[in-house]
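Reminder, nothing fancy here: chain letters follow the sequence lines and each chain counts from 1. Predicted model, so just to flag it, every value in this text is computed and none were measured.
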Amino acid sequence: MKLVTAIIKPFKLDDVREALSEIGVSGITATEVKGFGRQKGHTELYRGAEYVVDFLPKIKLEIAIDDSLVETLLDSITKAANTGKIGDGKIFVSDLSQVIRIRTGETGATAL
Amino acid sequence: MKLVTAIIKPFKLDDVREALSEIGVSGITATEVKGFGRQKGHTELYRGAEYVVDFLPKIKLEIAIDDSLVETLLDSITKAANTGKIGDGKIFVSDLSQVIRIRTGETGATAL
Amino acid sequence: MKLVTAIIKPFKLDDVREALSEIGVSGITATEVKGFGRQKGHTELYRGAEYVVDFLPKIKLEIAIDDSLVETLLDSITKAANTGKIGDGKIFVSDLSQVIRIRTGETGATAL
Amino acid sequence: MENQVIELAYALDTFYFLVMGAFVMWMAAGFAMLEAGLVRSKSTVEILTKNIALYSIASVMYMLCGYNIMYSGTESTWMPLAFDMLTSADNSAADVIASGGDTYYSGLSDFFFQVVFVATAMSIVSGAVAERMKLWSFLLFAVVMCGFIYPVQGFWKWGGGFLDAAGFADFAGSGVVHLCGATAALAGVILLGARKGRYTASGKAVAMPGANMPLATLGTFILWLGWFGFNGGSELVVSNVAEANAVAMVFVNTNAAAAGGVIAALLTAKILFGKADLSMTLNGALAGLVAITAEPLAPTPGLATIIGAIGGILVVFSIITFDKLKLDDPVGAMSVHGVVGLWGLIAVVLSNTDASLSSQLFGAVVIFGWTFVTSIIAWSIIKMVIGIRVSEEDEMNGVDIAECGMEAYPEFVRK
Amino acid sequence: MENQVIELAYALDTFYFLVMGAFVMWMAAGFAMLEAGLVRSKSTVEILTKNIALYSIASVMYMLCGYNIMYSGTESTWMPLAFDMLTSADNSAADVIASGGDTYYSGLSDFFFQVVFVATAMSIVSGAVAERMKLWSFLLFAVVMCGFIYPVQGFWKWGGGFLDAAGFADFAGSGVVHLCGATAALAGVILLGARKGRYTASGKAVAMPGANMPLATLGTFILWLGWFGFNGGSELVVSNVAEANAVAMVFVNTNAAAAGGVIAALLTAKILFGKADLSMTLNGALAGLVAITAEPLAPTPGLATIIGAIGGILVVFSIITFDKLKLDDPVGAMSVHGVVGLWGLIAVVLSNTDASLSSQLFGAVVIFGWTFVTSIIAWSIIKMVIGIRVSEEDEMNGVDIAECGMEAYPEFVRK
Amino acid sequence: MENQVIELAYALDTFYFLVMGAFVMWMAAGFAMLEAGLVRSKSTVEILTKNIALYSIASVMYMLCGYNIMYSGTESTWMPLAFDMLTSADNSAADVIASGGDTYYSGLSDFFFQVVFVATAMSIVSGAVAERMKLWSFLLFAVVMCGFIYPVQGFWKWGGGFLDAAGFADFAGSGVVHLCGATAALAGVILLGARKGRYTASGKAVAMPGANMPLATLGTFILWLGWFGFNGGSELVVSNVAEANAVAMVFVNTNAAAAGGVIAALLTAKILFGKADLSMTLNGALAGLVAITAEPLAPTPGLATIIGAIGGILVVFSIITFDKLKLDDPVGAMSVHGVVGLWGLIAVVLSNTDASLSSQLFGAVVIFGWTFVTSIIAWSIIKMVIGIRVSEEDEMNGVDIAECGMEAYPEFVRK
Ligand SMILES: Nc1ncnc2c1ncn2[C@@H]1O[C@H](COP(=O)(O)OP(=O)(O)O)[C@@H](O)[C@H]1O
Ligand SMILES: Nc1ncnc2c1ncn2[C@@H]1O[C@H](COP(=O)(O)OP(=O)(O)O)[C@@H](O)[C@H]1O
Ligand SMILES: Nc1ncnc2c1ncn2[C@@H]1O[C@H](COP(=O)(O)OP(=O)(O)O)[C@@H](O)[C@H]1O
C-alpha cells in the first residue's frame, strides 16, 4: 500500500475530491497547510508598512491506497489540480507498511 | 523506527493520549484535519439553502516509535479510539529511516 | 528522494526558513500542529479553575529533497531550530518513492 | 415667562430630536456589524469599508443637495429647486416666540435627523450586493442614491409632494426609506448576478454561511435600539402630554413588533427547517421593525406585535423565494426591507383610518418604480464605465485582499 | 401657561423615562455579548438565539399579563387581578393638568421601562444554564418567569404589595430583578447539572475558557452603559431641581460602584491567582453595578465606590465557592446577580436610614423563597414533559449544531 | 410658576448633561474595541483589561482629587487647593431659583460629564503603548495621569486658569483632552521603544496587522456616537432657543467632520497605497472628530467637513511619519489625537473670530510641554522602580498569557 500526499491549491479541493470519487477513492484526509515554493508570496501594505506573505495557503491531501491504483490516482490528481500556473503543488508517494481500520480492526488493503 | 499515523475522532483525543501515556509513549504530534470517508457528511440548512458538509473534523496523531513497540501502540490506539461507529478512523504505519532530537542532536531510537 | 519532517517551535519558523533558503531548499510545506512531549504543558487558571494545556503549539515542516542533500538539510534545521531548551522538536526522515510536480507533470528529482 | 416656556419646549423638542437622531446614527454601526457577520470572512473588510464610507458619503451628499431637494418646500411638487441649506440660519429666538411655539425645533436638528435616514436607506443596499460588487462602483452609486434618488422620492412624501397629497401614509419610512433602499438593492443585484457558486447548475441554492454570528446578532440589537430613534423621533415633537404619550406609544409598539417578528421567524424557521435558525430569527427582528415603521403610533401594542409577527413570517418565505429566483442577497436585505417594507405600508390600513389600501399601494408603486428605474440607469452607467463586479479571481480570493489589501481576521486560520 | 408648564414637565419626564428605558433595552445586547463571549464557541449561536428570543418573549408575556400582575394596584396585596393594560388609554392632557402635575409621565413609557426590566431578570438565567440546556425548554421557562414568577414578586415590592409595606427597600432591583433572576438560575442549574467534563471525578473544577473575550468585554461595557438607564430611570422623575440632582447622583454612584468593582475584582484575582484575570474583572464591574442597584441615591460617591468594591471582592470568592459546590455557571451569573444582589440589599442600610437590616433580609428571603420554589416547580414540570438537558452527544458536538444547525464562526478552525 | 420654569430648565439641562455624559462613557467601550481590534490577538486580553481598568481608575482618581484640582475655582490660577467635592452638597432648589436660572445644572451631572473626559484622555494612551507595556505599570501611570497631570492642565483652560485668560480656545478638548492624551502616550512610547520586530535593522517598518477588523470598526462607530456627547455636551446648556440651536449645530458639525475625515483618509490611502485601507479610514473618522473638537460650533457644516477632511489627510501622513521615526503606535493614537489635535486647535481660527493663531499655539505648547515633562518624569520613575516593559519572551508569547493568563480567542487556531 502507498500513501499519496498531494499539496494543492485550496480552491481546487472540490474538483480533486470529485475526480477522486469518480475513480473510486473512498477516503481522504485533508489538512490546511502553508506552502513556500517557487510561487513567491507577495508584499502587502498595512497602514503604510510592509507585510510580507511568504507562505501561501495550500491544502494537503493524504490518501492511503492499494499499490494497483496508485497510477490512476496520480493521474487523476494531476489533472484535476492542474491550473498550469506556478504553485499548483506537488504529489509525494511513500510506502505504507500497514493500515488498520480502527472501527473493525481490519488490516491491510481491506482496511482502506 | 516507524511512524504511526492515526486518524481519530476529535473527542477521543484525551482517551487516546491517556492510553498512550500508559504504555509509555512520550511524544505525540497532533494535527487538526478534515476527513472524507465512508462516514458521510451531512446536509445542513442555512437560511433555507443547502450546505453540504463533506469533510468531517478529525485529529491526526503522528507518533515516531521504536519497531519493538509498534504492536503495543497499534493495539492501544485501536482500543482507545474505538467507538464501533463508522468514522472511527485509520492507522497508517510507515518506515522512518532516521530520527533526530533537535535539542541534543541525538539520533535514532534515543532521540524518540 | 527523502521526505524530511521537522517539528519545531513556532517562533523559530523564520530562522529555519532563512537557513533553508541559504542552502537552496526551494520548497517547504508548513502545518500548525500541537505537540505533546517531554516539554510538559502548564496548568493555567481561568476564573479560579484549572486549565491544563497539554499540547503545545509547534510547526511541522515537510521538505521533499534529493538524497544527496539530506545531510546538509538535517544539519541546517538542527542548528537553526535549536534553542537548547526542552521542546525544540524532532526531525523524522522517510523515503519517498515518487514525486510529481502537478503543474508540469515532471517526476522525480526534477519535480522538487 | 411665556416666552421662556416656548423656548423651553423648543429646547426639549430639539434635544429629543438630536438624541433620537444619534440613535439612528447608531444604526449605521448596526448595519455594519450585521453585514460583517453575515458575509464570509474574506469579504468582511470590504463590507466594513463600504459601510463607513457610505455613511460618510450620505452625510456629505445630503448636505450638499439631498436635504434641499427633499425639504425645499418650493412651488413645484414634483421637483424641488432650492439649494440653500448651508447658508440659511437657524430659527432665531424671536421667530420662535413670534410663532407661538409653532416653530418647535432647530432646523439643524431636523437636518441631523434626516441625514441619518438617508444613510439607513443606503446601508440597505450594501448588504444585498456584498461580496462581489466593486467598492468604488458602490460608492459612486451611493453618491447618486443619497444625493438624488432618495431625496426626490422623499420629497414626494415627506417634503410635501404629490404622494403626501395623495394620502399615502408612511410614518417613519417603511416605504420612503426601507422599500426605497431595497429597490435600489434589487436593481443592483439584477445587474450584478449572484455570488460565484451560490446556485448550482441545476438551480439549487448553496448556503454560504455568515462568518461571525455574534457580530450579526450584535448588529441586530444595535438596529433594534436605533429604531427607537428612527420611529420615536419621527413623531417630531414630544413637548406636550399628547405628543409625549404618542412617542411612548411608538416606543412600545416598535419594541412589540420586533419581539413579534423574532418569535414568528424563529417558529417559522423551526417548522420549515426543523432548526432554530438564528440568522432567520435576526432577520425576523428586523422584519418586525420594518413592518411597524409605516405606522407605529395607531396600533395597540397587541396589534403591533401581530404586524411584526406577520413580517417575521413573511421574511422567511421571502428569503426562500428570492433564492428560487436566484436573486442572491447575502444578508436578506431585499426581503427584510423590501417585501416587509411593502407589508408595512399595507398594514397601515389596519389601524390608521385615514389611510386607504389604494393610496398605500399607489405610494409603494411610485417609490418602487422611481427607485427601480433610476437605480437601474445609475447602476448601468456605472457598469458600462468602470464595471460593477470584481473579477472572478478577486471574488474567489475575497474582495478584502483585492480591494482593501487587508484581511478581517488576518491571524485566524480559516477552513 | 401653568398648564403648559405641567405639560412640559410631563413631556420631559416621559422622554427621560423612554431614553432610560432604551438604555435598559440595550442591556439585552450586553447580556447577549457577555454570554456569547464567555461560552465555548460551539454553544455560541444557541446562547445568542436564547438571548434575542427571551427578550422577545419577555416583551410579549409582560404585555399579555406580567405588567398587569405587577402594577394592577388592586385590593389584594398578595395577588393582583386586573388584566387591562392593553385596552386602557394613556393619561389625557386634561387629567394630567387636573392632577397638578402629580401624574407626571405617560403610562406607556412606564410600561416600556418596566418591560425591559423583566427581560433583564430573564437574561440572567440564560447565562447560568448555557451550553447544556435545551433551547425550547429554556424558552418555555421564560414564558413562566416573565409572565408570572417575576411579576408576582415585583408586585410585592414595586406594585405596592406586602414587601413594600414591610419597609423593604430596593431602589432599582438588586433584589426584585437581580436576586430573582439569579435564584431562578440556581433552581435551573441544580436540576440541570454541570457541563460534561466541568468537574473531574475527584471534584476539581476544570476550566472551560470563554471563546471570545473581546465580546465579553463589549457586553460588560454595554451593561455598564445600560445601567445608567436601569438605575437612573428608577428615580422615575427628573423634572425639578431635587429630582434632577437625584438622577445625577444616581448616575455618579452607579459609575463609581462599577469602577470600584472593577478595581477590587482585578486586585482580588491578582492576589488569589497571581494574574490579572479579565473575566473576573468583568464580573467585578457587573458586581459593582448590582451592589449599588438597591440604593444608588443615598450613598456618597465614595461610599458607592466602596459598596461596589466589596461586590467586586465578593464575586470572585463566590465564583470559586459555587465551583466547589459543583454548581456550574459558565458566566458567573449566580454570583454576580445573586450573591452580590444580596449584598446590595444589605448595603442599603449603610446609607438609607429608612431601611433596616431585618426588613432587607426579610425581602431577600421572600424573593429567594418565592422564586426558588416556583422555579423549581416550573423547571421540574418542563423536565418531566420535554426534558431540560440536551443529549450528551449534542452537548459534546455543541448545542449550536444540534439545536440551531449553525456554527457561530463556521469558517474558523478550532482547536 | 416662574420658579417652576427655572426648575424645569435646570432639570432639562441636567438631564441633557447626563445623557451626553453617558454617550461619552460609551467611548470607553469604543476605545476598548478599537484597540482590541488593532492589536495582535496575543495582546488582546491585556488591552481589554487595561481599558476597563483605566476607566475605573480614572473614575476613582478624578473623584478623589482630579475634579477638585480642575474645577476648584480658587484664588490661585496656577494650582488649585480645595478638595471638597465629596462633601459639598448639590445645588438646592432655593439656590437655583435665587440665581434666576444662572445655576442651570446639577453639580453632580457636571462631575459625571467631566469624569468621562479624563477617561477618554487616558484611553488614548493605552493604544499607543499596547502589546509591550506592563499592565501594572500602565495602571500606575493612569493614577498619576488622571489624578494629577490631566486635571492641572484642564484647570488652566476649563477651570478658568491662565490658558483661558490668555484667550486659548478649546471648545471640547482637541487640546485639553486629545493632545494631552497623545502627549502622555508619546512620552511613554519614547521610553518604551517599539514592539519587537516592528522595524527591521535597516529601519523599514514591518506591518503587524490588527487581528480583528470588525471590532476596530465597531470601536470607531462607538466613538463616533460617543462624540456627539463629547462635543454636544460641551455646550453645557440646551434649555433655550439659542443654546438648542447651538447644540444642534455641534451635532451636525461633528458628524460632518467625521464624514469628511473618512472620505479624505480613504482617498489618501487609495492614492498612496493603491488600496482602500480600512484601518486608515477608521483613523480618518477619528481624525475628523478630533479636528472639529476644538471648535464644533462656529464653522458651517461645509467648513466642518473640510476641517475634518484635512484631519483625515493629515492622519495618514502622520502615521507614516511616526513609523519613519520608529515611534511605534499600534493604533495610531499619537497621530489621531496628537497631530490632528494640534490641527484642530489651529483650525479654530478659521471660524472663531475670538481666537488667534498665537494663543492657540501658545495653548498647544503649554499643554504639550506640561504633559510631556510630567509624563516623562512619571514614566521614568515607574520604569526605574518596577520597569515598564515586559520581557522579550513575554512579548513574543503575547502579553495576554504573561500578564492575564488568558487568551482572547482560546479556541481559534492562529497562524
Ligand atoms: N520540496 C518541497 N517539499 C515540500 N513541499 C514542497 C516542496 N516544493 C514545493 N512544495 C509545496 O508545493 C507548493 C507549490 O510549489 P511551488 O514551487 O510554489 O510551485 P509548483 O508546484 O508550480 O512548482 C508549495 O507552496 C509547497 O507547499
Ligand atoms: N484511504 C484513506 N486515506 C486517507 N485517509 C482515510 C482513508 N480512508 C479513511 N480515511 C480517514 O479516516 C476517516 C474515517 O474513515 P471512514 O471511512 O469515514 O470510516 P471508518 O474509519 O469507520 O472506515 C476519514 O474521515 C478519513 O480522514
Ligand atoms: N515520538 C514522537 N512522535 C511524534 N512527535 C514527537 C515525538 N516526540 C516528540 N515529538 C514532537 O516533538 C515536540 C518536542 O518534543 P519534546 O519531547 O517536548 O522535547 P525535545 O524535542 O526537546 O525532546 C513534541 O511537542 C512533539 O510535537
Side-chain angles (χ1 to χ4, degrees), chain D residues 1-2 5 8-9 12 15-16 19 23 40-42 209-214 217-218 220-222 224-225 228-229 232 238-245 247-249 251-252 255-256 258-263 266 273-279 281-282 285 300-302 305 409 412-415, chain E residues 1 4-5 7-8 10-12 14-15 17-19 21-22 25-26 28-29 32-33 36-37 44-46 48-49 51-53 55-60 63 86-87 90-93 96-97 105-109 111-112 115 135-136 212 215 218 403-413:
Chain D
M1 255 299 294
E2 172 142 12
V5 174
L8 206 48
L12 176 59
F15 179 56
Y16 146 82
V19 172
F23 274 56
R40 289 168 296 174
S41 62
K42 65 182 176 181
N212 197 324
M213 294 311 292
T217 308
L218 174 65
T220 304
F221 273 116
I222 292 175
W224 194 324
L225 175 63
F228 292 120
V238 73
S239 63
N240 61 49
V241 170
E243 294 294 350
N245 288 345
V247 174
M249 182 54 115
F251 267 64
V252 168
N255 193 60
V262 163
I263 295 171
L266 181 63
F273 314 138
K275 302 254 170 138
D277 185 317
L278 175 62
S279 77
T281 307
L282 300 178
T300 62
T305 310
Y409 311 98
F412 301 131
V413 173
R414 281 179 287 160
K415 285 174 194 166
Chain E
M1 254 301 294
Q4 261 174 285
V5 174
E7 291 215 24
L8 206 49
Y10 178 98
L12 177 58
T14 298
F15 179 56
F17 229 10
L18 292 173
V19 172
M25 177 270 158
W26 186 224
M33 293 302 113
T44 306
V45 168
E46 201 244 14
L48 292 167
T49 308
N51 269 279
I52 197 161
Y55 180 85
S56 301
I57 288 173
S59 295
V60 171
M63 176 183 73
L86 291 179
T87 55
D90 213 330
N91 313 304
S92 73
V96 170
I97 289 165
Y105 54 67
S106 148
L108 277 160
S109 70
F111 172 74
F112 180 69
V115 85
L135 172 66
W136 298 96
N212 196 326
L215 272 194
L218 175 64
E403 302 254 39
C404 304
M406 207 175 274
E407 289 179 60
Y409 311 97
E411 297 185 28
F412 300 130
V413 173

Handout entry: Mutual orientation of the aromatic rings belonging to Trp224(D) and Phe221(D) [parallel < 30°, tilted 30-60°, perpendicular > 60°]
Key = parallel

Practice task
Identify which part of Thr49(E) has an atom lying under 4.5 Å from any heavy atom of chain D, answering side chain, backbone, both or neither.
Solution key: both

Handout entry: Within-4.5 Å side-chain heavy-atom neighbours: Asn255(D) and Phe251(D)
Key = no

Exercise for the section: Measure the CG-OG distance between Asn245(D) and Ser106(E) for me, rounded to the nearest 0.5 Å. Expected result: 4.5 Å

Exercise for the section: Count the heavy-atom pairs under 4.5 Å between each of Ala58(E), Ala93(E), Gly107(E) and chain D, then report the option with the highest count. Expected result: Ala93(E)

Problem - Euclidean distance, Met406(E) CE relative to Asp277(D) CG, rounded to 0.5 Å - result: 3.5 Å

Problem - Residue Leu135(E) versus chain D: region with a heavy atom under 4.5 Å - result: side chain

Fill in the blank from the handout: Whatever's closer than 4.5 Å to a heavy atom in chain E on Ser239(D) counts as both

Practice task
Side chain from CB out, backbone as N, CA, C, O: work out which of these in Ser41(D) comes under 4.5 Å of a heavy atom of chain E, or both, or neither.
Solution key: both

Handout entry: Heavy-atom pairs under 4.5 Å with chain E, option from Phe273(D), Phe15(D), Tyr16(D) with the top count
Key = Tyr16(D)

Problem - Side chain / backbone / both / neither for Ser279(D) at chain E, heavy atoms under 4.5 Å - result: both

Practice task
Below 4.5 Å from any heavy atom of chain E, which atoms of Val247(D) appear? Answer side chain, backbone, both or neither.
Solution key: both

Exercise for the section: Check each atom of Phe23(D) against the heavy atoms of chain E and say whether the ones under 4.5 Å are side chain, backbone, both or neither. Expected result: side chain

Handout entry: Contact leader toward chain D among Leu215(E), Ile52(E), Leu12(E), where contacts are heavy-atom pairs under 4.5 Å
Key = Ile52(E)

Completion exercise
Nearest heavy-atom approach of Met213(D) to Glu407(E) is CG-O, 3.6 Å

Fill in the blank from the handout: Correct closest heavy-atom pair for Glu7(E) and Val241(D) would be OE1-N, 2.9 Å

Exercise for the section: Please state whether the side chain, the backbone, both or neither of Thr14(E) comes within less than 4.5 Å of a heavy atom of chain D. Expected result: side chain

Completion exercise
Checked Glu243(D), Lys42(D), Arg40(D) vs chain E; the most non-hydrogen pairs under 4.5 Å come from Arg40(D)

Exercise for the section: Determine the option with the most heavy-atom pairs under 4.5 angstrom with chain D, choosing from Ala22(E), Gly21(E), Ala408(E), Ser59(E). Expected result: Ala408(E)

Problem - Best-contacting candidate, Trp26(E), Phe17(E), Tyr105(E), against chain D by heavy atom pairs under 4.5 angstrom - result: Trp26(E)

Exercise for the section: Select, from Ala256(D), Pro214(D), Ala244(D), Gly232(D), the one with the greatest count of heavy-atom pairs under 4.5 Å involving chain E. Expected result: Pro214(D)

Practice task
Report the distance from atom CG of Leu282(D) to atom CG of Leu266(D), rounding to the nearest 0.5 Å.
Solution key: 10.5 Å

Problem - Phe412(E) CZ to Asn212(D) CG distance, which is reported to the nearest 0.5 Å - result: 6.0 Å

Exercise for the section: Indicate yes or no for a side-chain donor-acceptor contact from Tyr10(E) to the backbone of Ile97(E) under 3.5 Å, with no hydrogens or angles considered. Expected result: no

Handout entry: Part of Val45(E) lying under 4.5 Å from any heavy atom of chain D
Key = both

Handout entry: Part of Ala28(E) within contact of chain D (heavy atom distance under 4.5 Å)
Key = both

Completion exercise
Whatever's closer than 4.5 Å to a heavy atom in chain D on Leu218(E) counts as side chain

Practice task
Taking all non-hydrogen atoms of both residues into account, name the closest pair between Pro209(D) and Glu411(E) and its distance.
Solution key: O-OE2, 4.1 Å

Problem - Aromatic centroids of Phe228(D) and Phe112(E) separated by under 6.0 Å - result: yes

